[in-house]
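Keep in mind it's a predicted model, so treat the numbers as computed, not measured. The sequence lines fix the lettering, A, B, ..., with proteins before strands; numbering per chain opens at 1.
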Amino acid sequence: MAHVTVTLPDGSSRSVPVGTPVAEVAAGISNRLAKAALAASVDDRLVDLTYPLTADARVRLITPDSPEALQIYRHSTAHLLAAAVTSLFPGTQCGIGPATDDGFFYDFVVERPFVPEDLERIEAKMREMAKADLPFERQHWPRDEARQFFAGRGEPLKVQLIEEKTEGQPEVSCYTIKDRDTFVDFCVGPHVPSTGRLKGFRLLTTSNAYWKGDARNQPMQRVYGTAFFSEGELAAHLARIEEAKKRDHRRLGRDLGLFLFHPWAPGAAFWLAKGTRLYNDLAQYMREVLYPAGYVEVKTPLVFNKALWETSGHWGHYRENMFLVDSSDGEPMGVKAMNCPGHMLVFASEVRSYRDLPLRLHEQTALHRNEASGVLSGLTRVRQFSQDDAHCFVTEEQIASEVEALLKLVQRVYGDFGLPFTAKLSTRPEQFMGEIATWDHAEAALAEALERAGQPYTINAGDGAFYGPKIDFDITDAIGRKWQCATIQLDYQMPERFDLKYIGPDNAEHRPVVIHRAIFGSFERFIAILIEHFAGAFPLWIAPVQTVVLPIADRHLEYARTVAADLEAAGLRVEVDGRQEKIGYKIREAQLQKIPYMLVAGDREAAEGTVAVRSRSGGDLGARPVTEFVRAALDEVTTRGGTTVAGAAAAVAERA
RNA sequence: GCCGAUGUAGCUCAGUCGGUAGAGCGCGUCCUUGGUAAGGACGAGGUCACCGGUUCAAUCCCGGUCAUCGGCUCCA
C-alpha cells in the first residue's frame with residue numbers, strides 16, 4: 001500500500017498509509033492527544049479529524065490550547081444550536097451561524113420572535129443532544145443536488161449561500177447531526193468530531209438581525225450564546241459580563257453625580273459639577289502633554305458654509321451625518337463634525353515656510369455628528385463630543401520622525417493612566433486615492449517610526465483609510481475589554497483639496513502631508529472607559545472629589561472647615577460632610593461615592609491638629625498631622641498613585 | 001433609521017384582569033451629638049413618558065410620538 005509522509009510541528013515525520021484519517025495520526029502519537037484533538041491543520045488548512053491524508057503534508061493537531069480551537073468549538077456549538085432549534089421549531093429556516101469574539105450566534109427565520117422561555121427550551125435540547133454525543137458528519141454533495149435538497153426543504157437562504165460561495169465548484173460540503181431528525185447544514189467546517197465534546201455553553205440573548213445585515217432583507221431572529229472548553233471558563237466569562245454591568249458608566253455616571261442625559265438632548269451629555277471637573281482636568285492634562293511637545297491650541301468655528309464641506313469632500317460623503325442649520329441668506333450651513341477642514345484653513349491663512357513645519361494644531365472644541373437614533377449609547381456613542389484632536393502638517397521627510405514622536409506621546413499618556421495597549425498598522429485598501437509609490441513610502445515611514453519607538457504592532461493589511469495609511473491603538477481595560485482610542489492617520493488628500501503649500505528650501509512650492517491624530521479619541525468616550533476601567537474608583541490624581549472631611553459631632557464642624565481650607569489651599573479637592581449623621585453613615589456614603597480619602601475629625605484630632613485618615617481601599621490608617629496628610633496626598637497626586645492596572649484591580653476589590 | 005423590549009416618586013422597583021397608585025432608598029422637619037459601611041419619629045413627593053382614540057370611566061385596551069435598553073459589523 002502506498003504511503004504518505006506526515007511532518008509534525010516538532011519537525012519529526014512519520015509514514016502512514018494513503019487515506020489515513022488525521023485522527024489516527026493523533027492516536028499514533030499519544031492517547032492524550034487523540035482525546036484532546038478537535039480538528040487538524042493540514043498544510044495550514046483547517047480540516048476535520050476524519051480528513052484522509054492523500055499526500056505528503058505538514059500536520060498539526062488542533063487541541064483546546066491551539067489558537068484556532070475556540071473558534072472551531074464555538075462554530076460547532078452554533079451548529080448544535082441550529083440543530084436544536086430546527087428540532088423544536090420545525091419549518092425554521094437557518095441563516096448563518098459563525099463564531100464571534102466571545103461566543104457565537106445563529107440567525108433564523110421563525111414564525112414568531114423567541115422569548116426567554118424558548119431559549120431555555122433550546123438550551124435544554126442542546127444539552128440533551130450534547131449528552132447523546134452525536135457525530136458531526138461531513139458529506140460531499142454534488143452542487144446541484146445540494147441546491148435541490150435545500151430548496152426542497154424550504155431553505156432558500158442556504159440555496160443562495162451555495163450559489164454565492166461555491167460558484168464553479170462541482171461539490172459542496174455539508175455537515176449533519178443525526179438525532180430523531182437529521183440536521184443538515186451547508187458548511188465548510190471544520191467541526192469537532194461529535195456533540196459530546198461541547199460542554200461549557202450558554203445561550204444569552206435573542207435579537208433582531210437581517211439577512212446579510214441589510215435592513216432591506218429578510219428580518220431574522222438572532223440567538224447569541226457563548227461557549228468555552230470548560231464550565232469553569234464559562235462561569236468566569238459570565239462573571240465578567242456581570243462585572244461589566246456593575247461598572248457600566250451610565251449607572252456610575254449617575255450614582256457618582258458625573259453627568260446626565262435628558263430626552264430633550266438625545267446623544268448629548270449634561271456634565272454635572274463633578275463630571276465637569278474630571279472633563280476639565282483631562283483637557284488640562286492633555287494641554288500639559290501637548291504644549292511642551294510643540295503643539296499650539298486653536299479654536300475654529302462650530303458652523304461653516306457649505307463651501308467648506310464641499311471643498312473637504314464631506315458634503316458629498318458625510319452630509320447625512322451632519323447637522324445642517326439655516327443661515328439668514330437661506331444657504332444651509334454645516335455644524336462641524338470634525339476639525340480638519342477648519343485646520344486646513346488655518347494652515348492656508350499664511351504663506352508657510354518649511355521652517356514652520358511641523359505645524360501642530362490642537363483643538364478641543366465641540367463636534368456634532370448626527371448619529372442614527374438607534375445607535376446612541378451613554379457616553380460611548382454620542383452626537384456631541386470633543387476630541388483631543390490635532391493635525392500635524394509635515395513635509396514628506398518629516399513623517400517618520402513626527403510619527404515616532406507621536407508614538408512616544410501615546411505611550412506616555414496611556415502609561416500615565418496605567419492602560420496597556422497594542423498598536424496596529426493599517427495599509428493600503430483596495431479603494432484608495434493617490435500613487436502606489438506614495439503609499440509604499442508612507443507605509444514604510446510608519447513602520448520605521450513604530451520600530452524606532454520600540455512599539456510592537458501587528459499589520460492590518462488593506463484596512464487603511466482611502467486617503468492614507470494609519471496606526472490604531474487598542475487599550476485593554478481592567479476586565480480585559482479592548483477599546484479603540486488613539487489613531488494616527490496620514491492624509492495626502494486633504495492638503496490636495498485645500499491646495500495647501502509651503503515654500504521649501506529650494507524656494508519652490510511643495511504640498512505638505514497632514515497627520516490626523518488623537519490620543520484619548522474623544523473626551524466623552526475616554527471618560528466612559530476610565531469610569532469602567534476604574535469601576536468609578538478613580539485614582540487620586542483624577543478623582544473629582546479627592547478628600548472628604550467628616551466631623552464627628554457639630555462641635556467639630558469648625559475644625560473640619562479649617563482642615564478643608566488647608567487642603568484646598570494646598571490644591572486638593574475637598575468637601576466637608578457637615579450633616580447631622582453618625583460617622584459610620586458618613587463613611588458609608590463616602591465609600592459609595594468612592595472618594596479616595598476620608599478624614600475623620602473629632603475631639604482628639606481637633607485638640608492635636610490631626611485628622612484620622614481612612615483610605616477608600618485601605619481602611620482606617622490612624623491619625624496623622626494635617627500637614628503630613630497633605631504632603632502624602634500631593635505626593636500621590638504627582639506620582640499618579642493607584643493608576644496601575646494592579647491599582648485598578650485593588651479598587652475593584654473594594655466593597656461595591 | 002430598522003427590529004424587539006421597556007418607560008409608574010430623585011433612584012430601584014411593586015401594583016391595578018379599566019374605577020386616577022404603593023414599598024425601600026433618597027429628600028425635608030424634629031429628636032438624637034453619635035469614633036470608621038445605614039440611630040429614631042413624622043412628613044412632603046406622581047398628569048403612572050407624551051399626544052390621540054375606544055369607553056360612563058384609561059396608568060391599564062388600541063394607534064401614534066419621544067426616549068432608553070439589546071441588537072442591526074462577524075458571511076458556508
Side-chain angles (χ1 to χ4, degrees), chain A residues 71 74-75 78-79 82 94-105 107 112-116 146 150 157-166 169 172-175 185-191 204-224 245 248 250-251 254-255 257 260-267 320-321 370-378 550-557 579-593 598-605 612-616 618-623 654-656:
Chain A
Q71 199 259 334
R74 286 170 171 169
H75 183 206
H79 267 240
C94 298
I96 57 166
T100 64
D101 287 346
D102 41 30
F104 60 88
F105 66 79
D107 289 343
R112 58 165 178 85
F114 290 126
V115 295
F150 284 108
L157 300 179
K158 288 288 170 192
V159 176
Q160 194 185 331
L161 283 178
I162 292 170
E163 284 169 358
E164 288 171 10
K165 302 284 175 187
T166 65
Q169 294 175 25
V172 303
S173 62
C174 292
Y175 280 80
D185 201 354
F186 164 62
C187 178
V188 74
H191 280 289
L204 297 174
T205 54
T206 62
S207 71
N208 179 264
Y210 299 92
W211 177 238
K212 300 195 167 185
D214 189 332
R216 288 166 301 193
N217 289 341
Q218 170 96 50
M220 305 183 77
Q221 278 287 304
R222 176 169 294 182
V223 178
Y224 280 96
K245 268 188 206 160
D248 191 319
R250 294 169 293 197
R251 162 180 286 274
R254 189 183 54 231
D255 291 350
L260 61 85
F261 284 92
H262 191 280
W264 289 354
E320 63 282 7
N321 278 307
N370 195 1
E371 303 286 356
S373 58
V375 305
L376 300 178
S377 177
L550 309 178
I552 295 217
D554 287 353
R555 65 178 177 281
H556 309 121
L557 188 54
R579 294 177 300 173
Q580 294 192 357
E581 297 289 352
K582 291 195 173 179
I583 197 66
Y585 184 89
K586 293 181 185 180
I587 282 171
R588 176 182 155 81
E589 292 260 296
Q591 285 285 159
L592 291 176
Q593 285 293 305
M598 288 146 265
L599 308 179
V600 177
D603 288 332
R604 294 197 293 273
E605 290 76 16
V613 180
R614 181 188 164 101
S615 126
R616 175 179 65 188
D620 191 350
L621 303 180
E654 291 167 22
R655 291 165 65 171

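- Counting non-hydrogen atoms under 4.0 angstrom, Arg604(A) reaches a base of the nucleic acid.
- Nucleic acid contact for Gly257(A): none, since no nucleic acid atom lies under 4.0 Å from a heavy atom of the residue.
- Counting non-hydrogen atoms under 4.0 angstrom, Gln160(A) reaches nothing in the nucleic acid.
- As judged by a 4.0 angstrom heavy-atom cut-off over every strand, Thr205(A) is placed among residues making no nucleic acid contact.
- Distances shorter than 4.0 Å separate none of the side-chain N or O atoms of Tyr585(A) from OP1 or OP2 on C25(B).
- Taking atom P in both U12(B) and C17(B), the straight-line distance is 26 Å, to the nearest Å.
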Apply salt bridge (Lys or Arg N to Asp or Glu O under 4.0 Å) to Arg74(A) and Asp102(A), showing your working. CA-CA 9 Å; Arg74(A) 286 170 171 169; Asp102(A) 41 30; over 6 Å; no
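- Of all heavy-atom pairs between Val613(A) and Asp620(A), the closest is O-OD1, 3.5 Å.
- Among the protein residues, Leu376(A) comes within range of the sugar-phosphate backbone only, with heavy atoms under 4.0 Å from sugar or phosphate atoms but none that close to a base.
- Taking the side chain of Asp554(A) as heavy atoms from C-beta on, and the options U33(B), C75(B), U36(B), the nearest nucleotide is U33(B).
- With a cut-off of 3.5 Å on both Watson-Crick or G-U wobble distances, the partner of C60(B) is given as none.
- For the residue pair Gly602(A) and Ile552(A), the shortest heavy atom distance occurs at CA-CG1, 3.9 Å.
- Taking atom CZ of residue Arg251(A) and atom C1' of nucleotide C11(B), one finds them 9 Å apart after rounding to whole Å.
- Between the CZ atom of Arg579(A) and the P atom of C27(B) there is a distance of 6 Å, given to the nearest Å.
- Note on Gln169(A): a base of the nucleic acid sits closer than 4.0 angstrom, heavy atoms only.
- In G45(B) the O4'-C1'-N dihedral to the base is within 90° of 0, which defines a syn nucleotide.
- At a threshold of 4.0 angstrom between heavy atoms, the contacts of Ala612(A) include nucleobase atoms, whether or not backbone atoms are also involved.
- Although no hydrogens or angles enter the test, the distance criterion places no donor-acceptor pair under 3.5 Å between the side chain of Lys586(A) and the main chain of Met598(A).
- Taking atom C1' in both A41(B) and A37(B), one finds a spacing of 24 Å when rounded to whole Å.
- Spacing between atom CG of Asp603(A) and atom C1' of G35(B) amounts to 10 Å, rounded to whole angstrom units.
- With C75(B), G34(B), U32(B) as the choices, the nucleotide that has an atom nearest any side-chain atom of Ala553(A) turns out to be G34(B).
- Nucleotide A9(B) is matched to nothing when pairs are restricted to Watson-Crick or G-U wobble geometry with both distances under 3.5 angstrom.
- Rounding to the nearest 0.5 Å gives a distance of 13.0 Å between CD of Glu581(A) and CD1 of Ile587(A).
- Candidate nucleotides A37(B), G35(B), A76(B) were compared by shortest atom distance to the side chain of Ile587(A), and A37(B) ranks first.
- Pair check for G34(B) finds none; no Watson-Crick or G-U wobble contact set falls under 3.5 Å.
- Atom P of G18(B) sits at a distance of 38 Å from the matching atom of C72(B), rounded to the whole Å.
- Remark: G18(B) base-pairs with no nucleotide; criterion is Watson-Crick or G-U wobble with both hydrogen-bond distances under 3.5 Å.
- Contact annotation for Arg74(A): no contact, since no heavy-atom pair falls under 4.0 Å across all strands.
- Under 3.5 Å, the side chain of Arg614(A) and the base of A37(B) form at least one donor-acceptor pair of N or O atoms.
- Remark: the separation of the C1' atoms in A14(B) and U29(B) is 28 Å, to the nearest Å.
- Backbone-only contact: Ile583(A) has heavy atoms under 4.0 Å from sugar-phosphate atoms and none from a base.
- No donor-acceptor contact under 3.5 angstrom links the side chains of Glu589(A) and Gln593(A), judged on distance only.
- Between the CG atom in Leu260(A) and the CZ atom in Arg250(A) there is a gap of 15.0 Å [rounded to 0.5 Å].
- Here Gly602(A) lies in heavy-atom contact (under 4.0 Å) with a base.
- Residue side chain Gln221(A) does not reach the base of G71(B) through any donor-acceptor N/O pair under 3.5 Å, judged by distance alone.
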